[in-house]
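Right, one structure below, let's go through it.
Chain letters run A, B, ... following the sequence lines, proteins first, then strands; residues in each count from 1.
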Amino acid sequence: MPELPEVEIIAGGLRKTVVGKIIQDIIPVWDKSFENRSSVKLSGQRIESIGRKGKYLIIRLTKTSLIVHLRMTGQILYMNQINKDQLSHIRVKILFNDGSCVLFKDTRKFGRIYHLEDEQSILSKVGIDALDPQINLGYFSEALKKSGMNIKAFLLSQKYISGIGNIYVDESLFRAGIHPASAADKIKGNNAGILYNRIREVLNTAIENMGSTISDYRDTFGNSGNNQNYFKVYQCTGQPCEVCNTPIKKIKLAGRGTHFCPNCQKILK
DNA sequence: CCATGTACCTGAAGGC
DNA sequence: TGCCTTCAGGTACATG
């Protein structure tokens with residue numbers, strides 16, 4: 001569900017609602033969903049700022065940080081007051097001293113909220129964010145050259161560039177005309193530049209469209225995104241490619257469902 | 001180092 | 001209707 005664009009929308013929602021609020025208490029409803037790696041007290045701490053790196057959401061507090069990963073079905077929902085309607089699958093409740101709250105809803109229980117003193121203990125293992133102002137084509141090309149993986153696995157790995165998941169990797173590779181099984185180290189020169197630009201366009205467009213909702217993704221106010229209406233290959237199996245009319249094909253690659261146009265996307269090896 | 005499989009979980013959808 | 005299998009946006013870990 002949530003890849004870079006969706007986490008960015010959620011970060012924006014939190015910036016508008018909870019910065020400056022004081023935590024009254026954090027209640028883990030499902031123990032595994034909240035991993036407390038610090039003995040510093042949470043209650044009384046103020047939310048200072050909201051950040052993001054790749055698919056990680058960063059909530060910076062007075063003394064410590066909360067790092068959130070939504071994995072497959074996680075949602076971060078802001079409420080002016082605790083909703084009496086029975087919201088199912090709530091795994092963690094973050095209560096503020098003004099009566100408002102943030103609820104971590106996560107059907108499949110894969111997501112995590114970590115409480116840390118040093119956010120780098122998690123974030124240092126994550127590659128540079130795909131939309132970080134510091135990233136550039138030179139860095140991207142060098143990373144491709146060093147990798148022995150296929151391009152699909154490379155982009156999903158989060159190791160060199162972070163934030164791209166299964167939806168946007170397929171959409172980016174289609175727009176770049178590159179077959180997902182292509183060797184990363186064979187994508188050079190012009191091809192590397194095209195792929196780099198398409199990735200950024202696909203991610204930025206998804207942000208403009210408020211993210212992609214397949215089934216679970218919602219923003220902090222519970223709203224769905226619109227970007228799923230603009231997919232060209234993801235979940236378009238069998239439909240005609242909009243460029244050449246060849247039916248979109250689905251295969252398994254890097255352990256994931258992979259959608260592409262067998263005519264437009266050339267394999268580089 | 002890389003590819004593949006499995007585990008972590010729940011629920012929806014499709015086949016029979 | 002109901003049972004069974006498969007699949008799902010992610011990542012960590014074990015195995016060849």
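- Following rounding to the nearest Å, A:M72 (CE) and B:dA12 (C1') show an atom-to-atom distance of 13 Å.
- Rounded to whole angstrom, the span from the CD atom of A:E35 across to the C1' atom of C:dA12 amounts to 12 Å.
- Applying the side-chain hydrogen bond (donor to acceptor under 3.5 Å, both in side chains) criterion to A:K145, with sequence neighbours excluded, gives A:E142.
- In this structure A:H69 satisfies the side-chain contact (heavy atoms from CB on, under 4.5 Å) test together with A:K55, A:Y56, A:R71, sequence neighbours excluded.
- Remark: the separation of the P atoms in B:dA12 and C:dT1 is 15 Å, to the nearest Å.
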Problem set entry | Summary of protein contacts for nucleotides 3-10 of chain B, nucleotide by nucleotide, where a base hit scores B, a sugar-phosphate-only hit scores S (4.0 Å, heavy atoms) | S----BBB
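- If you check every strand for non-hydrogen atoms under 4.0 Å, A:S33 touches nothing.
- When all heavy atoms are compared, the tightest approach of A:Y217 to A:G211 is CE2-CA, 4.4 Å.
- Consecutive Watson-Crick or G-U pairing (both distances under 3.5 Å) extending over three or more pairs maps onto DNA chain C as B:2-8 with C:10-16, B:10-16 with C:2-8.
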Show me the donor-acceptor pairs within less than 3.5 Å that the side chains of residues 190-206 of chain A make with the rest of the protein, sequence neighbours left out.
residue	atom	partner	partner atom	Å
A:Y196	OH	A:I135	O	3.4
A:N197	ND2	A:G193	O	3.1
A:R198	NH1	A:E201	OE2	3.3
A:R200	NH1	A:A130	O	3.1
A:N204	ND2	A:R200	O	3.0
A:T205	OG1	A:E201	O	2.7

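- Under 4.0 angstrom from either OP1 or OP2 of C:dA8 there lies no side-chain N or O belonging to A:K252.
- Following rounding to the nearest Å, A:K269 (NZ) and B:dC2 (C1') show an atom-to-atom distance of 17 Å.
- What separates NZ of A:K159 from C1' of C:dT11 is a distance of 15 Å, to the nearest Å.
- A:W30 belongs to no hydrophobic cluster with other residues, because no ILVMFWY side-chain heavy atom falls under 4.5 Å from its own, directly or through intermediates.
- Counting to the nearest Å, the P atom of C:dA8 and the CD atom of A:E3 are 14 Å from each other.
- Partners of A:Q265 under the side-chain hydrogen bond (donor to acceptor under 3.5 Å, both in side chains) rule, at least two apart in sequence or in another chain, do not exist in this structure.
- The phosphate of B:dC1 has neither OP1 nor OP2 within less than 4.0 Å of any side-chain N or O from A:K146.
- We find that CD1 of A:I214 is positioned 16 Å from P of B:dA12, with the value rounded to whole Å.
- For A:Y78, the side-chain hydrogen bond (donor to acceptor under 3.5 Å, both in side chains) partners two or more places apart in sequence, or in a different chain, are A:K21, A:N80.
- Applying a 4.0 Å cut-off to non-hydrogen atoms, none of the residues of residues 196-210 of chain A approaches DNA chain B.
- Here C:dG10 presents its P atom at 16 Å from CG of A:L57, a figure rounded to the nearest Å.
- Straight-line distance from the NZ atom of A:K145 to the P atom of B:dC1: 19 Å, rounded to whole Å.
- Here the separation of B:dC9 from C:dG2, taken at their P atoms, is 29 Å to the nearest Å.
- Between A:Q235 and A:L156, the one whose closest nucleotide on DNA chain C sits nearer the 5' end is A:Q235.
- Hydrophobic clustering places A:L131 together with A:M210 (ILVMFWY residues linked when any side-chain heavy atoms are closer than 4.5 Å, directly or through intermediates).
- Identified under the ring pair (Phe, Tyr, Trp, His ring centres under 6.0 Å) test for residues 250-269 of chain A, with sequence neighbours left out: A:H179-A:F260, A:Y234-A:H259.
- The phosphate of C:dG10 has neither OP1 nor OP2 within less than 4.0 Å of any side-chain N or O from A:Q158.
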For this session: Assess whether side chain to side chain contact (heavy atoms under 4.5 Å, CB included) is satisfied between A:I9 and A:I207, documenting all intermediate values.
Result: CA-CA 7 Å; A:I9 300 295; A:I207 292 171; 4.1 Å; yes
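- Using a 4.0 Å heavy-atom distance criterion, A:K250 is classed as a sugar-phosphate-only contact.
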Hey, can you pull the donor-acceptor pairs under 3.5 Å for the side chains in residues 239-252 of chain A, sequence neighbours left out?
residue	atom	partner	partner atom	Å
A:E242	OE1	A:K232	NZ	3.1
A:E242	OE2	A:K232	NZ	3.0

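- Every residue two or more places apart in sequence or in another chain was checked for a side-chain hydrogen bond (donor to acceptor under 3.5 Å, both in side chains) with A:Q24, and none qualifies.
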